[in-house]
Amino acid sequence: MVETAGCCGLLQACCHRHDPQTYIIQGEFEIDRSPWFSLCASGLSVVVRLYSQDNKDPTTRKGIKSENAYVMKGKELERKKHEVLSMKVPAKVIKFKLKFEVTRDFGIPGAFVVENRDKKHEFFLKSVTLHYIKHPIYPITKTRFKRIFFSDQLYRPNKTPQGLVELRKKELQKLQDPRRKGEWNPWDQIYDYDVYNNLGDPENGRLYDRPVLGGSTKFPYPRRLKTGHPNCQRDHSRESGPASCFQFYVPPDERMSDEKLQELKNNFVEALIRFLAPESTLQHLWDRECPDFVTKVAHFFVPKAAISKKDVRFIRSIIDFCRKLKLPSSHGGPSRSVSDPSGEQDIFEDIIGFYADKEVEDIFDSDKQRLEKLVPKEILNQVVATLALKRQHVSAQLPSIIAEDKVAWAEDKEFGRQMLAGTNPVRIRHLKAIEANRAFILDHHYLEQFLTMINGKGVCAYATRTILIAPDLSSVTLQPVGIELSLPGDSPRLVLPQDTLLWEFAKFHVSSNDAAYHQLVSHWLHTHAVVEPFIIATRRRLSVMHPIHRILDPHFEDTLHINALARAIFLNAGGILETLLFTGEYSMELSSHLYKEWRFDKQALPEDLLERGMAKRRVRDEVVSGPMEQVGTDKSSNKAATGAEQTMFEVDAEVELVLEDYPYAKDGIEIWTAIETWVTEYCSVFYHNNNDVKEDEEIQEWWNEVKTRGHKDRNEGWYDINTFESLVKALATLIWITSGLHAAVNFRQYGYGEEEVYKEVNIMKFVEEMLPDKFQMKLALAVMDLLSRHTSDEIYLGQTSPQKEWPLIEGHDSIIQKKFKEFGENLEAIERNIKERNKEYLLMNRWGYAKIPYKLLYPDTSKSMRPTSKEKGKHHPEKTDINERGIPNSISV
């Protein structure tokens, strides 16, 4: 029998004297998301056994074990069947009480083993932990192992109770050993590394062949989770995929819940219907306002008895045809619609129409054929089935970029502002010693070496460098003053604002380049991809009893599953990103090329800002004070301070921003500081000096595996974790990447989605061959809608699961609870700070010409925030935005 470990269950330390030589320990277990018939069928099939954490069995070297206890038996089984069958709606969670008989020297329970002997059914054991984790218990005939669940107490390796030492080691050994060869099953709990050899599909021909990313100097890349799927028949170095992208192997504990997965599917279906289904031609606006208009007009000229309903429908169809008829333009230009006086106006109104309230009908056959190659079959079938039932009434929230002013996006200052507060605020750099330190650059010149291949596919792309000037370094927007366009083998061309038409052409190329960099690097590579090896190493090298495993776990939730879906739908050969981005089939090669620049030691926000020249080290004896920040002397000064009217967050900032009005950096530094303070306080409970860190063998093995296996292709940018400070920095960096950074680069895509479409339409006269067609435009909007939505069960930074509180930790419970509460209070104060800054209209980069407040780094603690004295008594309606709702704990979309 093989035993693996997971998180704790719910054990009550209630001991009752049963025999002079034994105790009875009562346990309460909750079974979740399990069909009632499988529970009733289980009966004696589900066996539970406890292990002591204090005393070892000299024979097995494991903790002393209890006698077996059964979930249900005899009369209790019959009673439970009757109880469940009598329910009108079967309960989602069913509780069971068990009794364990143990010897007097058993001590405190430290772990329990669950064995499911039923041959058909699995069930889910609900754990009482911070995250409301559900652990599937598959039949032992499938898994061939029993599952061990440790109690909530956390220990560094050398502090593990004697009775749990061997179980702790065995747990990690099983997770480190793949065990199985061949295709893996849903119940296998396997964590191993692999290269990106599953993006292409050589079985479908050379068009779908893609290079293997990772394991070479030419194509370096972070490692992904190994899936065990068989290799392709034509090329054994490539991995084949399953029949459905929803059948990719993901370890049971890493899978998102069925409810969340279904919600994501539904969001995708709704987005496709909203943007790709054509408006119904059966009834137009004029007809809806006066449904019997045609009938009345006909009856005015013809007696009622002389005209039938069929005749009325025929007349209506003629009117509809005439409305859509295209007439030649009076000046010899493109044709225009009868109902629209301006062809150009018609284009923009068509785009606005993507978001209008409308009734839609079945998707065009041509669009359906294209979708068959892009979206999973299950999704497309659901779209078709939904539209087949009846015409759907749909509407979409107007993107922020045009909600106030539909042409504000075209302003040069709005163009510059987005480098600091748009979807990709992490690429701009400071050009020192130029124009009195007021010059900045957005550099996409790395594209030049790819342009021969990209433009060889019928695209007309340029590498770009954009120079922007800040009139001063206070509250002003950046002004673009020059754009360099370059092609391989040609001399670069500098375009200036006075070259009116050419200037718009150049800005279009900058936006296209920045959009590709944002999706492939800032979003996918620098958050999703680089974090995956850390998750795998954490599961393999840090026991669930380890305090560092516990603090990282909520920030890794659902990421492995969402990454597997991304590789199957978005990043694959011929997939959605290759279809939408001008980089096409070379998209992931470009991502691999830019991984060569990635360094872990530059991912902490202060280090990133320093590296890009957007901040400078703060001199500690320099007193800097402002309405929202105050310099202190140590991390303890980073806390919420209560004022007369509101709570503010005082920051002992490591850096000083070059541009004070840089919303991403200004808000981000406060979030970063709160995270770092929380991590420092948490780690200080378990580590009292540098030696404690050096001697933690699991931490050292974890960090070594991340460097030598997970990120094997990047030898630079790593520091040793041999001090308390280095441990805190590494953990804070990981939490920042998975929370604040991902929120900043992901959740504004929909809000700015319209701008990209407008720019593409506006540039039609220049590069028609580079423009997406209408299908691609609508698909892009549907994808941005999907990616920008938060799921209903999202857990945000600083908020515990709504089901359970942070688990009590023996000896440390009051300290951990207190520090975590302070973390939440700090985030509440930060949100107030951000809201106050967003009220200052002089901070132009927070609003800009498009009037879009910067809300991406709202922690969204507002649901639990107490109102200030000024806010009391006022009604605050629920938010209706589909995005910008807060900072999720993890990369789960």
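Throughout, residue positions are numbered sequentially from 1 according to the sequence presented. Since the structure is predicted, the reported quantities are computational estimates derived from the model, not experimental observations.
To the nearest 0.5 Å, the span separating CG on L560 from CZ on R255 amounts to 11.5 Å. Interatomic distance, CG of N198 versus SG of C232, reported as 9.5 Å (0.5 Å rounding). Taking NE2 of H790 as the reference point, atom CD1 of I795 lies at 14.0 Å (rounded to 0.5 Å). Atoms CH2 and CG, from W524 and L571 in turn, are 5.0 Å apart once rounded to the nearest 0.5 Å. One distance of note links NZ of K377 with CG of L380; it measures 9.5 Å at 0.5 Å rounding. With values rounded to the nearest 0.5 angstrom, L786 atom CG is found 6.0 Å from F268 atom CZ.
Within the 3.5 Å criterion, the main-chain N or O of I891 finds a donor-acceptor partner in the side chain of T559. Using a distance-only test at 3.5 Å, with no hydrogens or angles considered, a donor-acceptor pair links the side chain of Q176 to the main chain of R540. In this structure a side-chain-to-backbone donor-acceptor pair under 3.5 Å is present from H555 to N889. Between the Y249 side chain and the D188 main chain, a donor and an acceptor come within less than 3.5 Å of each other. Formation of a donor-acceptor pair under 3.5 Å by the E254 side chain with backbone atoms of H561 is not found in this model. Between the side chain of E578 and the backbone N or O of G574, at least one donor-acceptor pair lies under 3.5 Å. Between the side chain of N563 and the main chain of H528, a donor-acceptor pair closer than 3.5 Å is present. The closest donor-acceptor contact from the side chain of S240 to the backbone of P230 lies under 3.5 Å. When atom types are taken as modelled, the side chain of R238 and the backbone of N197 share no donor-acceptor pair closer than 3.5 angstrom. Looking at N746, its side chain does come within 3.5 Å of a backbone N or O of L787 through a donor-acceptor pair.
Here R789 does not pair with E270 in a salt bridge; the nearest charged N to carboxylate O distance is not below 4.0 Å. Using a 4.0 Å cut-off between a side-chain N of Lys or Arg and a carboxylate O of Asp or Glu, E557 and K260 do not qualify as a salt bridge. Ion pairing of D553 with R539 is present here, as a side-chain N (NZ or NE/NH1/NH2) and a carboxylate O approach within less than 4.0 Å. Salt-bridge annotation for D192 and R223: absent, with no side-chain N of the basic residue lying under 4.0 Å from a carboxylate O of the acidic one.
Contact of the M545 side chain with the R168 side chain is registered, since non-hydrogen atoms from C-beta on lie closer than 4.5 Å. Inter-residue side-chain proximity for L552 and I735 is flagged as met; some heavy-atom pair is nearer than 4.5 Å. In this structure, T527 and V531 have side chains that are not in contact, with every pair of non-hydrogen atoms separated by 4.5 Å or more. Residues M256 and L264 meet the side-chain proximity criterion, which asks for heavy atoms closer than 4.5 Å.
For the side chain to side chain contact (heavy atoms under 4.5 Å, CB included) with L272, the lone residue among D367, V383, L387, T386 that qualifies is V383.
For the residue pair Q382/N266, the side-chain donor-acceptor check at 3.5 Å is satisfied. In the model, T227 has a side-chain atom that pairs as donor or acceptor with a side-chain atom of E239 under 3.5 Å.
The cationic group of R567 lies under 6.0 Å from the six-membered ring centre of Y196 and within 45° of the ring axis, placing it in a cation-pi geometry.
F246 CZ: more than 12 foreign heavy atoms inside a 6.0 Å radius.
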